[in-house]
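All remarks here apply to the structure that follows.
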Amino acid sequence: MTISYLTQVEQRLLWLSHWMIHHANHIRPKQDNIKVGGHQASSASMVSIMTALYFTALRPEDRVAVKPHASPIFHSIQYLMGHQSREKMEAFRGLGGVQSYPSRTKDDDDVDFSTGSVGLGVAITSFASLIQDFIAAKSGPVKLGSGERPLGRMIALVGDAELDEGNIYECLQEGWKNDLRNTWWIIDYNRQSLDGIVHEGLFQRIEKIFDAFGWDVVKAKYGVLQRAVFDQPGGEALRSWIDNCPNSLYSAMTFMGGAVWRQRLMEDLGDQGDVSALIDRHSDNELAALMENLGGNCVQTMTDIFASIDHDRPVCFLAYTVKGWGTPIAGHKDNHGGLMNPAQMTEWQTHMGVPQGQEWDRLATIKDPEGFQAFLDQVPFFAAGPRRFSDKKIDVPALQLTPTKQISTQAAFGKILDDIARGDSLLADRIVTTSPDVTGTTSLGPWVNRRKLFARTAQPDLFKEHNIPSTAKWEFTPDGQHIELGIAEMNLCLLLGAAGLAHSLFAHRLIPIGTVYDPFIARGLDALNYACYQDARFMIVGTPSGVTLAPEGGAHQSIGTPLIGMSHDGLAAFEPAFADELSVIMAWAFDYMQRDGDSLPDKRTWLRDASGGAVYLRLTTNALEQPATRTDDSFQQGSIDGAYWLRPPGPGCDIVIAYQGAVASEAIKAAGMIAEGRRDIGVLAVTSADRLHAGWMSAQAARTSGIPDVHAHIETLLDPLPSHCAIITVIDGHPATLSWLGGVAGHKTLPLGVEEFGQTGTISDLYRQANIDADAIANKAQYLTAGAPF
Ligand SMILES: Cc1ncc(C[n+]2csc(CCOP(=O)(O)OP(=O)(O)O)c2C)c(N)n1
Ligand SMILES: [Mg+2]
């Protein structure tokens, strides 16, 4: 009985997913001259797998990353269950409609992980599982609302071509090191990618890789029909023909259908008595259905296979499928972006038995609607309702930092964390740190010594046990709060993404902090983008940065990262110069990372601060002389809002030096040099070009929409300057980060910064070479405005 309902679910999902794509492309009025798109063949390929998974195997605590281009099946599932509106289905790929690829933030029907950039949705499941273990090790069974629940399985529905992405293999290694469990990857092995057919024999090798990393590899190759036929006389010969058939031939035969299958099989296997008789017993349609009845296109087979897993080791299911299964475009190598045309659709509608006018009816074609609905109502996965959680906000204690005459922002970061580690705040207990093999060199060492490394099973530090002196005490325990990663920066950003969703996925808030050498942010950039796109909350610390890293040379010196910080939605980027600024910013950031208010702009800064986000700190190892103790509001609030006057401009000011980050000392020195011949020099300390720019954009939008009396923070700072005043901007990074300042109130601006790969050398060598030293700044001032020479 259940299997009959499951088959009906499968056919409903096949219809609805194809109809929503067809509707968006051919029925909804067209406005642009471009194809709306949607992936019918990729959806059909997965329909049986997803039917078996969602309607039999899943439990509410499980989480799924759906193959991006199977989005129509996912939303059709939710629509069938009454959790997605027809209005949004009709607006598929339109403004406000169901998203092209499942989105946690934009879809409203309980998406667990966003997907889109292939490979990342797959990998995040293993990091989510690691985070689940991290939380469970500390709090016992993870809380589900007010109750408790078992550990969930983190499941990825994977396109076979996704396994070409290198990040898959990086995360396989990390999973093995961290004793990965409760992770399922279900591979839709249709042997087609976007451009064509997957390489012959590739998967024999991939299977070995999974096996090598301790995964259980489970193959779903043949469906129920095929297996029944294999037991008949002649069946073995058919099975070995299938086993030996090259991928491209199987696809082409599938596309051409029953008569061609017969012809080909008879050519290869005819005159063999039993097998010829076996083929003859099937009509053309039956023969096509038999040959397309691969394991992954058989609900019964997938249901049985999922139910057979009786352990928590990671499992890779290799489910053989046909791309475009059950439709006229099945198997065609160009079907990735292909759509059924209107004539094909009309014919297919008749084939599917969907009456005209009932295309959107949830239960069209169902003969026993009451029984079917009763079946849907008892499906365990949906029984608990939506599974989007939250957790209480954690108070941020005052951050202590003993004043020092000279310190770098990186060292100050380490000290602030060490101080938090020493305390007993809830914040300290909820911080999880991580780093891709640069824990020590990014100043996380003292934190790790106090709060230890995480492992599911304790491992002592043998160096410590043998009394070998070392500054790093590396003890692994289930209580540990640092997750040490291998070098791959993609894994760092994926882990930050998973940990940054812990409140939502596991009802347990974590405060994730990850450190990385600043230039290698680019190495994890797509995963960083992915984490922000999902609204994950974390702090990423890029350190050391810029040419200030002098002797390390050009390969380690970041140039464009300030622009990455500025251009990333969901990421507030800061580059403080002084320890007291960093301390103020970190205290604010720990709160900001937990906010979930509305997305309206703040009336003072015009920043959308209430909704919160992730934070990026760009730090340095160069120890700067620190200003005297400062507690005034303009400094504190200015550090958070993005800038404050380090040296306020006088009324006749004709030069302002605006700097961000480590070059503060050069800016201050240059101001001293210039001030000998001029009065009223202003020095603007920029801590966040990102937030200044965002506030400026938002204020302009508010003014355009007619809101009176709007002032962005940077306008408040620059508007009073006399119009003849020139601005020199300087940063150890790309000059475009600050060059826009001249546009705020129309001041002539000369930007300084780094545009070419750096060199090895001393800091002063390199600052001189990049023209960001005090002399270069002063020379610009000389060139810009008349005044006594210096
Ligand atoms: C990082 C990335 N590169 C490229 C794409 C474009 N793209 C989308 S699907 C796809 C091929 C997917 O093939 P497969 O994973 O086998 O899925 P199938 O449709 O066959 O199920 C490509 C290249 C993408 N979404 N993400
Ligand atoms: Mg494929």
Side-chain angles (χ1 to χ4, degrees), residues 13-14 17-18 21 35 37-50 53 65-74 93 99-103 113-125 156-171 185-200 202-203 206 220-221 246-248 250-252 254-255 292 294-297 302 316-327 329-339 490 493-494 497 522-531 533-534:
L13 298 179
L14 186 63
S17 57
H18 283 58
I21 299 170
K35 175 178 140 187
H39 299 84
Q40 289 180 333
S42 302
S43 295
S45 189
M46 276 230 138
V47 68
S48 324
I49 298 173
M50 289 176 72
L53 184 73
V66 177
K67 180 181 80 168
H69 33 303
S71 170
I73 299 280
F74 173 80
R93 291 186 165 232
Q99 294 295 292
S100 320
Y101 308 111
S103 168
F113 299 104
S114 302
T115 54
S117 178
V118 298
L120 298 184
V122 186
I124 200 166
T125 55
L157 294 164
V158 187
D160 48 353
E162 292 197 68
L163 296 179
D164 283 335
E165 291 287 357
N167 81 276
I168 297 281
Y169 303 94
E170 296 175 354
C171 108
W185 289 358
I186 305 164
I187 300 172
D188 174 0
Y189 186 34
N190 57 29
R191 288 144 294 148
Q192 285 183 241
S193 60
L194 193 160
D195 282 339
I197 312 283
V198 167
H199 253 79
E200 212 58 54
L202 181 65
F203 265 74
I206 289 179
K221 187 159 184 185
N247 292 339
S248 47
Y250 211 95
S251 292
T254 303
F255 178 70
E292 288 180 32
L294 300 178
N297 288 126
M302 292 315 299
C316 167
F317 298 90
L318 193 55
Y320 282 65
T321 55
V322 169
K323 191 157 171 172
W325 179 79
T327 76
I329 56 176
H332 196 290
K333 74 179 172 58
D334 302 339
N335 67 9
H336 185 84
L339 299 171
M490 271 276 177
C493 295
L494 282 161
R523 196 71 178 255
L525 193 53
D526 200 25
L528 180 69
N529 188 48
Y530 177 64
Y533 186 69
Q534 307 204 66

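All ligand and atom numbering here is 1-based and tracks the order in the structure.
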Inset, instruction - Starting at CG of L163, measure out to OH of Y189 and round the result to the nearest 0.5 Å. - result: 10.5 Å

Legend entry - Any protein heavy atom < 4.0 Å from atom 12 (C) of ligand 1: yes

Legend entry - Gap separating the NE2 atom of H39 from the CG atom of L339, nearest 0.5 angstrom: 9.0 Å

Legend entry - Pair S48-W325, side chain to side chain contact (heavy atoms under 4.5 Å, CB included): steps then yes or no: CA-CA 10 Å; S48 324; W325 179 79; 4.0 Å; yes

Legend entry - Nearest candidate to atom 3 (N) of ligand 1, where distance is taken over non-hydrogen atoms, out of Q192, K67, K323, E165: E165

Legend entry - Within-shell test, A70 vs ligand 1, heavy atom, strictly < 4.0 Å: no

Inset, instruction - Give the residue, atom name and distance (to 0.1 Å) of the protein heavy atom nearest atom 16 (O) of ligand 1. - result: D160 OD1, 2.5 Å

Legend entry - Nearest neighbour in protein (non-hydrogen) for atom 25 (N) of ligand 1: G116 O, 3.0 Å

Legend entry - Metal-centred angle, OD1 of N190 through the Mg ion (ligand 2) to O of Q192, rounded to 10 degrees: 90°

Inset, instruction - Run the contact test for S45 against ligand 1 with a 4.0 Å cut-off on heavy atoms, strictly below, and give the result. - result: no

Legend entry - Step-by-step side chain to side chain contact (heavy atoms under 4.5 Å, CB included) determination, I206 to Y169: CA-CA 10 Å; I206 289 179; Y169 303 94; 3.9 Å; yes

Inset, instruction - Record the part of N190 in heavy-atom contact with ligand 1 below 4.0 Å; permitted values are side chain, backbone, both and neither. - result: side chain

Inset, instruction - Take T321 and L294, measure what side chain to side chain contact (heavy atoms under 4.5 Å, CB included) needs, and give me the verdict at the end. - result: CA-CA 6 Å; T321 55; L294 300 178; 5.7 Å; no

Inset, instruction - With heavy atoms under 4.0 Å as the rule, classify the contact between H39 and ligand 1 as side chain, backbone, both or neither. - result: neither

Legend entry - Proximal atoms of ligand 1 relative to S117 (non-hydrogen, under 4.0 Å): 1 (C), 26 (N)

Legend entry - atom 5 (C) of ligand 1: any protein heavy atom closer than 4.0 Å: no

Legend entry - Identity and separation of the nearest protein heavy atom to atom 22 (C) of ligand 1: L194 CD1, 3.6 Å

Inset, instruction - Taking atom types as modelled, find out whether K323 and H332 have a side-chain donor-acceptor pair closer than 3.5 angstrom. - result: no

Legend entry - Nearest-neighbour protein heavy atom for atom 19 (O) of ligand 1, which is reported as residue plus atom name and distance: S42 OG, 2.6 Å

Inset, instruction - Distance to 0.1 Å, residue and atom name: give those for the protein heavy atom nearest to atom 17 (O) of ligand 1. - result: H69 NE2, 2.9 Å

Legend entry - Atom indices of ligand 1 within 4.0 angstrom of D188 heavy atoms, with elements: 21 (O)

Legend entry - salt_bridge(D160, R191) N-O dist < 4.0 Å: no

Legend entry - Which of the ligand 1 atoms, numbered from 1, are nearer than 4.0 Å to a heavy atom of E162: 15 (O)

Legend entry - Polar side-chain atom of S251 near backbone of N247 as donor-acceptor pair, under 3.5 Å: yes

Legend entry - Metal proximity, D160 vs the Mg ion (ligand 2), N/O/S cut-off 2.8 Å: yes

Inset, instruction - Give the C-alpha distance, both sets of side-chain angles, the deciding distance and a yes or no for side chain to side chain contact (heavy atoms under 4.5 Å, CB included) between I187 and F317. - result: CA-CA 6 Å; I187 300 172; F317 298 90; over 6 Å; no

Inset, instruction - Show your working on side chain to side chain donor-acceptor pair (under 3.5 Å) between E292 and N297 and close with a plain yes or no. - result: CA-CA 8 Å; E292 288 180 32; N297 288 126; over 6 Å; no

Inset, instruction - Report the nearest protein non-hydrogen atom to atom 26 (N) of ligand 1: residue, atom name, distance rounded to 0.1 Å. - result: V118 N, 3.1 Å

Inset, instruction - Give a yes or no on whether the backbone of A531 and the side-chain of Q534 come within a donor-acceptor separation of less than 3.5 Å. - result: no

Legend entry - N or O pair under 3.5 Å between S193 and ligand 1: no

Legend entry - Side chain E162, main chain V118, donor-acceptor under 3.5 Å: no

